[in-house]
Undergrad: 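Here it is: the structure, laid out below.
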Amino acid sequence: MKTTCLVCNTPASTQCSGCKRAGYCSKACSTEDWPYHKRNCKRIRAAGAQPMDAILFPVNATQPRLIRVPWTYGPTSDNIPLDWQKLDCQPWIGGKDSALKTMYVQTLGRNGPALGYTIAIEHDDNSFVNGSATNRCIPAVTGGQAPHPWAGNVIALRAKEA
Ligand SMILES: [Zn+2]
Ligand SMILES: [Zn+2]
């Protein structure tokens with residue numbers, strides 16, 4: 001359960017009885033949030049608590065590998081302040097000097113054909129200033145065609161619907 005109220009950010013004492021993943025401090029706050037939350041409540045229940053499948057491009061290896069990323073319900077990231085599947089990337093992209101950022105990709109290559117779906121790229125926006133090592137995996141899988149270098153771990157997954 002989320003430990004702070006989704007509306008006023010004070011400690012939560014109750015939770016949505018439907019999805020059991022949205023915390024509130026009071027009946028008043030849960031009532032206030034319901035018109036917004038009801039849309040997500042059903043989707044959260046459908047999504048369950050299963051971790052999301054993702055591909056890790058490890059900083060220090062040339063082979064990508066499959067990982068399962070846990071999530072909780074809350075603001076998805078600093079640049080997307082919507083309450084939905086907030087990924088817990090801490091095991092891969094974390095630390096006090098890290099800034100998790102999401103980038104969305106919808107075409108194959110920079111100006112290539114549309115993919116028909118959106119891929120979310122999770123990366124550390126501070127990786128070039130916090131001493132992260134250069135990512136070895138992305139140059140390996142792209143044959144050196146990535147338009148810019150990456151540092152630290154990078155995670156790709158089918159985009160969460162916003
Ligand atoms: Zn509240
Ligand atoms: Zn709910």
Side-chain angles (χ1 to χ4, degrees), residues 1-12 15-16 18-24 33 36-108 114-138 140-142 146-162:
M1 173 178 162
K2 201 167 157 52
T3 52
T4 57
C5 175
L6 281 172
V7 176
C8 67
N9 218 30
T10 59
Q15 62 187 343
C16 171
C19 64
K20 298 189 166 51
R21 302 201 79 164
Y24 300 101
D33 196 40
Y36 170 74
H37 176 67
K38 67 179 175 192
R39 191 168 53 92
N40 285 331
C41 190
K42 212 171 151 183
R43 294 162 69 203
I44 295 163
R45 278 178 282 157
Q50 291 302 310
M52 298 178 74
D53 291 319
I55 300 168
L56 173 68
F57 299 91
V59 58
N60 281 321
T62 52
Q63 287 289 326
R65 65 173 195 269
L66 287 172
I67 57 171
R68 308 206 73 201
V69 182
W71 60 274
T72 53
Y73 177 67
T76 51
S77 68
D78 287 347
N79 52 328
I80 306 165
L82 286 170
D83 292 332
W84 182 224
Q85 291 170 309
K86 176 181 163 60
L87 296 175
D88 177 11
C89 292
Q90 198 66 30
W92 304 279
I93 303 168
K96 62 179 169 61
D97 296 326
S98 297
L100 185 71
K101 188 148 188 184
T102 307
M103 198 181 106
Y104 293 100
V105 175
Q106 294 182 308
T107 58
L108 188 63
L115 289 169
Y117 51 86
T118 303
I119 293 175
I121 311 279
E122 308 291 338
H123 63 102
D124 179 1
D125 206 35
N126 287 348
S127 59
F128 283 101
V129 293
N130 65 14
S132 298
T134 300
N135 184 293
R136 290 172 54 205
C137 192
I138 290 173
V141 298
T142 60
H148 61 81
W150 294 77
N153 282 322
V154 176
I155 295 169
L157 69 165
R158 278 290 274 270
K160 314 168 287 280
E161 297 168 67

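Because the structure is predicted, anything quoted here is derived from the model rather than measured.
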Undergrad: Please test Glu122 against Lys101 for side chain to side chain contact (heavy atoms under 4.5 Å, CB included), starting from the C-alpha separation and ending with a verdict.
TA: CA-CA 6 Å; Glu122 308 291 338; Lys101 188 148 188 184; over 6 Å; no
Undergrad: Identify which one of Ile67, Ile121, Leu100 satisfies the side-chain contact (heavy atoms from CB on, under 4.5 Å) criterion when paired with Ile155.
TA: Ile67
Undergrad: Could you tell me whether the side chains of Asn126 and Ser98 share a donor-acceptor contact shorter than 3.5 Å?
TA: no
Undergrad: Evaluate the side chain to side chain contact (heavy atoms under 4.5 Å, CB included) criterion for residues Asp97 and Val129: first the C-alpha distance (whole Å), next the side-chain angles of each, then the deciding distance (0.1 Å), finally the verdict.
TA: CA-CA 9 Å; Asp97 296 326; Val129 293; over 6 Å; no
Undergrad: Tell me the closest heavy-atom pair linking Gly152 and Asn135, and the distance in Å.
TA: O-ND2, 2.9 Å
Undergrad: Strictly by modelled atom types, are Asp124 and Asn130 linked by a side-chain donor-acceptor pair under 3.5 Å?
TA: yes
Undergrad: Any side-chain heavy atom of Ile55 within less than 4.5 Å of one from Pro64?
TA: yes
Undergrad: Could you check if a side-chain atom of Arg158 sits within less than 4.5 angstrom of a side-chain atom of Thr118, using non-hydrogen atoms only?
TA: no
Undergrad: Run the numbers on Val141 and Phe57 for side chain to side chain contact (heavy atoms under 4.5 Å, CB included), then give the verdict.
TA: CA-CA 9 Å; Val141 298; Phe57 299 91; 3.9 Å; yes
Undergrad: Hey, does the side chain of Arg68 reach the backbone of Pro51 with a donor-acceptor pair shorter than 3.5 angstrom?
TA: yes
Undergrad: Taking the six-membered ring of Trp150 (Phe, Tyr or Trp), confirm whether the NZ or CZ of Arg136 is under 6.0 Å from its centre and within 45° of its axis.
TA: no
Undergrad: Do Ile138 and Val154 have side chains that approach each other closer than 4.5 Å (heavy atoms only, starting at C-beta)?
TA: yes
Undergrad: Nearest 0.5 Å, please: how far is CG in Asp53 from CG in Leu66?
TA: 7.0 Å
Undergrad: Please report the shortest heavy-atom distance between Val59 and Ala133, naming the atom on each side.
TA: CG2-O, 3.4 Å
Undergrad: Got a second to check how far Leu157's CG is from Cys89's SG, nearest 0.5 Å?
TA: 8.0 Å
Undergrad: Quick one: are Thr72 and Lys86 in side-chain contact, heavy atoms under 4.5 Å?
TA: yes
Undergrad: How close do Arg39 and Arg43 get, heavy atom to heavy atom, and via which atoms?
TA: O-CD, 3.5 Å
Undergrad: Looking at side-chain heavy atoms only, is the closest gap between Cys41 and Cys16 below 4.5 Å?
TA: yes
Undergrad: Kindly say whether the aromatic ring centers of His148 and Phe128 come within a distance under 6.0 Å.
TA: no
Undergrad: When you look at Trp71 and Asp88, which way does the side chain to side chain contact (heavy atoms under 4.5 Å, CB included) test go after all the steps?
TA: CA-CA 5 Å; Trp71 60 274; Asp88 177 11; over 6 Å; no
Undergrad: A quick test of your reading: do over 12 heavy atoms of other residues, nucleotides or ligands sit less than 6.0 Å from CZ of Arg45?
TA: yes
Undergrad: Are any non-hydrogen side-chain atoms of Pro58 and Arg65 less than 4.5 angstrom apart?
TA: yes
Undergrad: Would the distance check show the side chain of Asn153 and the main-chain N or O of Trp92 forming a donor-acceptor pair, the cut-off being under 3.5 Å?
TA: yes
Undergrad: Can you list the steps and then say if Tyr73 with His37 is a ring pair (Phe, Tyr, Trp, His ring centres under 6.0 Å)?
TA: CA-CA 11 Å; Tyr73 177 67; His37 176 67; 5.3 Å; yes
Undergrad: What is the minimum heavy-atom distance between Ala61 and Cys137, and which atoms define it?
TA: O-CB, 3.1 Å
